[in-house]
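Given the structure is predicted, the values throughout are model-derived calculations rather than measurements.
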Amino acid sequence: MSATKPESKNAGARRPLEGIRVIDMSRLAPGPYCSMLLADLGAEVIVVGGGRAGNPIATFSRGKHFIKLDLKAPEGREALQRLCRTADVFLESFRPGVSARLGAGYETLKEINPRLIYCSLTGYGQEGPLAQEAGHDLSYLALTGVMGAVGPKDGPPSAPLNLLADFASGSFIAALGIVTALFDRTRTGSGQYIDTAMIDGCLSLMAMHWPVWKTPILPERGDGLLAGGAPYYRCYRCADGKYISVGALETQFFTNLWTTMMGTQVPDHMDMRIWPDIREAFENAFVQKPRDEWTKLFEGKDACVMPVLAPDEVWSHPHIAQRHADSSPESVPVVPRFGGSSFRPPATNTADRSDEILAGAGLTPEEIALASPESERNRIPSRTWPPKMTSF
């Protein structure tokens, strides 16, 4: 059976967001990832670069069109407003007030285009004592209690890369807000303003965990049922130094896990008094065989046992390779699937298209030269990804 068949089904299909134009003035990672999600699903995304920050992270560039504008010049601000006249969505990620100073505040653009969906994506939101503070994913996790509940019990809190605040709480919630506002516009005819704060997303993601904090379910960081305390919901070291994950929370899964490994009477896995004994039994057992032997042993056993794969192992795993045959570390899958199959990732072309796109907005060559001067197009950005680092 060809692994490419599920991927090819939607190859020429209409994408759900075709016909939607997005003007993306965001920087760094959460905003560009949000607009990549929209571009993957067919939106026309025009990235407005320029200024010392330069272009967004190249990883999130697929399916987008790139221009440069000097937004400190009146001609650059006028060009941006001309683009927004025909746009459906405007996305920005500056600190509150910056876009307005660049002639791209919500009130200004709403007057130009009342149907415009305007999304601000920031760490702390548009108001409050911290609205103007700098921050990163780590900062937002710290402030919202997420980091206070994540990490080992006997070590410092740790962040799961920058996945939770930047992308889950920022990009995905911004994309949800944008798509929801587009849907609402079909009923009202009007656009609206979306204030997406990464701290808000973090607070929402913790909905299941707030009520059980300081209870046996989550008594403290690194302990309890889901945070590493339960011996059947954690990872174990194997004979080859690699790790296996065990997620046998429910009775039927724990029973399958225990009988497969131990072959003795199944203990009451919800009795916290015997957790240390269960943990020791698993530690002693898992260290006897390499990870992949355990993986094979538990195939089809319904015990929720999976290998902990390093990033460079993921794409060759049979399930990942079949489900995402056209994906790779350089080109992650388009999500979600529609009609039972995935869209192919759109092409990436980061060439400057300022002349073409601005001319399409009605600017003359003389106006384009003032709005998008060579000095702006050739500016060396202050930030790049990945940053240059000196190794040990």
Side-chain angles (χ1 to χ4, degrees), residues 4-26 29-49 55-67 80 83-93 109 113 115-119 121 167-168 170-192 194 196 323-328 330-354 356-358 360-361:
T4 63
K5 285 185 179 179
E7 296 290 335
S8 61
K9 182 179 178 182
N10 267 336
R14 181 187 62 82
R15 298 180 187 235
L17 294 181
E18 285 181 12
I20 298 298
R21 170 175 275 197
V22 178
I23 305 300
D24 181 7
M25 211 165 72
S26 64
Y33 181 59
C34 170
S35 63
M36 186 190 82
L37 296 173
L38 302 177
D40 281 351
L41 297 179
E44 177 195 16
V45 176
I46 298 173
V47 176
V48 179
N55 280 334
I57 292 174
T59 307
F60 304 137
S61 295
R62 70 190 188 192
K64 301 180 182 181
H65 311 293
F66 294 85
I67 69 171
L80 177 64
L83 286 173
C84 289
R85 286 192 178 101
T86 59
D88 298 285
V89 177
F90 183 84
L91 174 64
E92 63 91 15
S93 61
L109 297 187
N113 181 358
R115 288 174 54 82
L116 186 69
I117 308 299
Y118 190 114
C119 181
L121 173 53
F167 301 128
S171 310
F172 272 104
I173 290 180
L176 173 64
I178 289 169
V179 172
T180 302
L182 286 169
F183 174 74
D184 191 53
R185 193 180 67 177
T186 66
R187 299 185 293 190
T188 66
S190 300
Q192 58 181 296
I194 304 169
T196 304
R323 185 170 171 85
H324 300 293
D326 295 324
S327 300
S328 70
E330 292 75 31
S331 184
V332 297
V334 173
V335 296
R337 288 188 168 203
F338 292 85
S341 59
S342 299
F343 290 105
R344 293 185 185 277
T348 298
N349 183 356
T350 59
D352 188 283
R353 298 184 59 192
S354 300
E356 173 190 348
I357 290 174
L358 294 176

Could you go through residues 173-184 and list every donor-acceptor pair under 3.5 Å that involves a side-chain atom there, pairing it with any protein atom two or more places apart or in another chain?
unit_1, atom_1, unit_2, atom_2, d
T180, OG1, L176, O, 2.7
D184, OD1, R187, NH2, 3.3
D184, OD2, Q192, NE2, 3.3

For this session: To the nearest 0.5 angstrom, please state how far the CG atom of D24 sits from the CZ atom of F90.
Result: 8.5 Å
Exercise. Taking C-beta and beyond as the side chain, do Y118 and C84 meet within less than 4.5 Å on heavy atoms?
Worked result: no
Problem set entry | Set of residues satisfying side-chain contact (heavy atoms from CB on, under 4.5 Å) with respect to E18, sequence neighbours excluded | R14, R15
For this session: Working to the nearest 0.5 Å, report the span between CG of L80 and CD1 of I67.
Result: 7.5 Å
Problem set entry | Separation of D352 CG from I357 CD1 (nearest 0.5 Å) | 8.5 Å
For this session: With sequence neighbours left out, write down each residue that passes side chain to side chain donor-acceptor pair (under 3.5 Å) with S331, or none if nothing qualifies.
Result: R62
Exercise. Taking only residues two or more places apart in sequence, or in another chain, which ones meet T86 in a side chain to side chain donor-acceptor pair (under 3.5 Å)?
Worked result: R21
For this session: Take C34 and L91 through the side chain to side chain contact (heavy atoms under 4.5 Å, CB included) test and state the conclusion after the steps.
Result: CA-CA 9 Å; C34 170; L91 174 64; 4.2 Å; yes
Exercise. Who passes side-chain contact (heavy atoms from CB on, under 4.5 Å) against F172, sequence neighbours left out?
Worked result: Y33, L37
Exercise. Among all residues two or more places apart in sequence or in another chain, which pass the side-chain contact (heavy atoms from CB on, under 4.5 Å) test with A39?
Worked result: V45, K64
Exercise. Got a donor-acceptor contact below 3.5 angstrom from the S171 side chain to the P30 backbone?
Worked result: yes
For this session: For R185, check salt bridge (charged side-chain N to carboxylate O under 4.0 Å, His left out) against everything at least two apart and list the hits.
Result: D88
